[in-house]
Amino acid sequence: MLRGAKDSAPSTFSNSGPKLSGSEKQRDTRMNNIIAAKAVSDVVRTSLGPRGMDKMIQDSNKKVLITNDGATILKQMEVVHPTARMLVEISKSQDIEAGDGTTSVVVIAGALLKACQTLLDKGIHASSISAGLQVALDKAVEVIDSMSIPVDLNNRESLIQNATTSLSSKVVSQNADILAPLAVDCVMKIIDKENDTNADLRDVFVGKVVGGTVDDTQMIDGCVLVDRKACTSAGGPTKMENAKIGLIQFQLSAPKTDMESSVVVHEYTAMDRILKEEKKYIIKMIKTIVKSGCNVLLIQKSIMRDAVNDLALHFLAKKNILVVKDVERDTVDFVSRTTGLTPVASIEQFTEEKLGTAELVVDDRSCRSVRITGCPPQAEGRKTVSVLVRGSNQLIVDEAERSFHDALCVVRSLVKKRALVPGGAAVEMEVSQKLNLYSREIFGIDSYCVKAYSEALEIIPYTLAENAGLDPIKFVTELRNAHTKGKTTAGVNVKKNKISDMIELEVVQPALVSISAFTLATECVRMILKIDDIVLSF
Ligand code: ADP
Ligand code: MG
């Protein structure tokens with residue numbers, strides 16, 4: 001059968017001379033594409049799983065980052081080969097769709113490409129392989145669906161287990177007991193458990209502060225202005241209860257001309273007049289602010305010049321108004337939504353309706369930030385929440401924030417599709433096992449492709465075991481054996497170095513993560529297979 005396929009291959013190309021060389025070129029292109037894409041997959045393979053390695057990446061600005069996240073590693077790598085870039089892209093897509101499984105998707109794609117190479121060598125046409133892969137994918141998704149366990153969003157424990165699995169393979173895995181419940185609580189806070197089918201993670205603000213340890217990470221019911229402080233240079237307050245918050249986008253200082261110009265003053269009286277005018281101008285603005293009832297003033301960062309001068313600060317302090325300046329533009333939207341304020345672009349529009357409210361605004365020096373808590377319920381029932389990630393140095397804080405984001409995404413995946421599957425390669429092995437059986441039920445090239453797909457999936461248990469320093473062949477065969485005997489939830493227990501029931505071990509992941517990884521990897525491989533020439537057009 002094998003030989004038959006191989007023998008028949010040349011005959012399909014052998015009509016004429018030039019055509020044959022064209023086909024060879026196409027084959028070369030395909031093979032080169034596969035090799036390039038596989039190289040990318042090999043880079044991230046060693047970081048799969050809880051015992052996987054981390055990567056230290058230095059970018060062109062000499063900035064260093066340590067990470068275990070496939071999407072982050074690939075984003076930082078300057079991949080130039082166009083097909084290899086496709087693997088970087090699927091990792092990105094997985095990050096957007098599911099947030100986790102960004103290494104797995106690339107590793108699966110790499111294994112599928114290797115399988116395709118063998119199929120192509122057998123003389124099977126690329127289009128037929130592509131179709132066969134789709135058959136395998138459809139069956140794989142069916143298997144995942146059939147083995148997935150429904151999740152109730154009120155079951156906090158189960159959600160935490162999912163988030164913990166995602167965090168267990170990160171640099172900050174030892175802090176999972178703090179970060180996982182936080183991620184669950186944050187997502188549960190912003191959604192309506194009964195009706196929502198998605199969670200908008202823009203409603204969770206994640207701020208980073210160096211100092212303390214990751215265990216000091218905390219949730220804040222409201223918002224937090226990181227690296228900002230209440231202006232105290234003129235003796236203004238640092239704490240305000242029953243706050244009425246205004247946010248201005250204009251400057252609280254004397255107006256300046258549009259063009260760069262200088263005014264030369266020759267006499268003291270003229271100087272006096274200018275100062276008096278400036279004072280009058282600022283007092284008029286402050287009066288408007290006071291009249292509105294505002295007692296906390298946030299001033300958006302101005303790129304042109306200082307948004308507020310000492311004189312204005314002095315008057316604001318006298319009126320007991322808490323001032324925070326240089327509020328970053330990208331936090332304005334979040335602050336507005338949380339407190340219910342409307343940013344004001346000119347002093348004439350500064351009225352009471354534009355103000356937001358909060359029970360407490362306080363300058364928290366221990367976290368170098370300003371907290372706004374006790375905000376009113378929002379319009380349209382939307383809720384927001386903030387998290388302040390702490391860590392002993394910038395590298396840890398950055399990685400903790402990325403890992404926390406993954407954990408949030410995992411919980412969001414469960415909101416999107418309320419089902420989970422066993423982790424630790426149990427789902428991959430089960431799908432592999434079922435595909436193997438399926439390949440015997442169908443005929444023709446599809447059967448070959450489904451079988452190859454089934455074998456390719458063993459890369460996940462193989463790699464998990466390999467990365468944990470175990471004997472991969474022994475573990476893969478043992479696991480396969482367990483699944484053949486009907487133990488659908490058996491997986492690689494990398495902590496105890498044996499095959500265990502993953503549900504009992506509480507290693508579970510959202511079904512969406514696995515489905516998305518399989519789908520994206522297959523789509524990408526099918527696309528790569530169909531490319532038979534690369535045309536450079538620059
Ligand atoms: P990805 O970026 O694909 O999420 P990870 O490095 O997070 O890559 O590894 C995920 C893989 O590790 C999944 O197959 C998951 O089932 C497995 N895994 C996670 N935690 C455990 C665990 N405690 N024991 C065994 N396998 C685990
Ligand atoms: Mg992960």
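Heads up: numbering here begins at 1 and tracks the sequence. No experiment lies behind these values; they were computed from the predicted model shown. Counting starts at 1 for both ligands and their atoms, in listed order. FYI, side chains are in, hydrogens and waters are out, and symmetry mates aren't considered; it's all heavy atoms of this structure.
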What part of Val507, side chain from CB on, backbone N/CA/C/O, both or neither, has a heavy atom under 4.0 Å from ligand 1? side chain

For atom NZ of Lys416, decide whether the heavy atoms of other residues, nucleotides or ligands shown that lie under 6.0 angstrom number more than 12. yes

Quick one: does Lys170 get an N or O within less than 3.5 Å of an N or O on ligand 1? no

Ligand-side contact atoms (ligand 1) for residue partner Ser168, heavy atom cut-off under 4.0 Å: 19 (C), 20 (N), 21 (C)

Check each atom of ligand 1 against the heavy atoms of Gly49 and keep those under 4.0 Å away; list them by number with element. 5 (P), 6 (O), 9 (O), 12 (O)

For ligand 1, which part of Ser47 has a heavy atom less than 4.0 Å away: the side chain, the backbone, both, or neither? backbone

Near Gly423, which atoms of ligand 1 are under 4.0 Å from a heavy atom of that residue? 16 (O)

Counting only heavy atoms, which portion of Met502 has something under 4.0 Å from ligand 1: side chain, backbone, both, or neither? neither

What atoms of ligand 1 come closer than 4.0 angstrom to any heavy atom of Gln509? 13 (C), 15 (C), 16 (O)

Would you say ligand 1 has an N or O under 3.5 Å from any N or O of Ser104? yes

Which of the atoms in ligand 1, numbered in the order shown and given with their element, are less than 4.0 Å from a heavy-atom of Val494? 24 (N), 25 (C)

Could you list the atoms of ligand 1 found under 4.0 angstrom from a heavy atom of Thr165? 19 (C), 20 (N)

Can you tell which of Asp100, Leu464, Val410 gets a heavy atom nearest to atom 4 (O) of ligand 1? Asp100

Return the set of residues passing side chain to side chain contact (heavy atoms under 4.5 Å, CB included) with Asp54 (not counting sequence neighbours), or none when no residue passes. Ile66, Asn68, Val171

Ligand 1 contact on Lys495 by region, counting heavy-atom pairs under 4.0 Å: side chain

Please could you name the atoms of ligand 1 that Thr103 approaches to less than 4.0 Å, counting only its heavy atoms? 1 (P), 2 (O), 3 (O), 8 (O)

If you leave out waters, which protein N, O or S atoms are less than 2.8 Å from the Mg ion (ligand 2)? Asp100 OD1

Around Met31, counting heavy atoms of other residues, nucleotides and ligands shown, do more than 12 lie under 6.0 Å from its CE? yes

Among all protein non-hydrogen atoms, which one is nearest to atom 5 (P) of ligand 1, and what is the separation to 0.1 Å? Ser169 OG, 3.3 Å

Could you check Asp501 against Thr489 for side-chain hydrogen bond (donor to acceptor under 3.5 Å, both in side chains), going step by step and ending with a plain yes or no? CA-CA 5 Å; Asp501 185 331; Thr489 53; 3.0 Å; yes

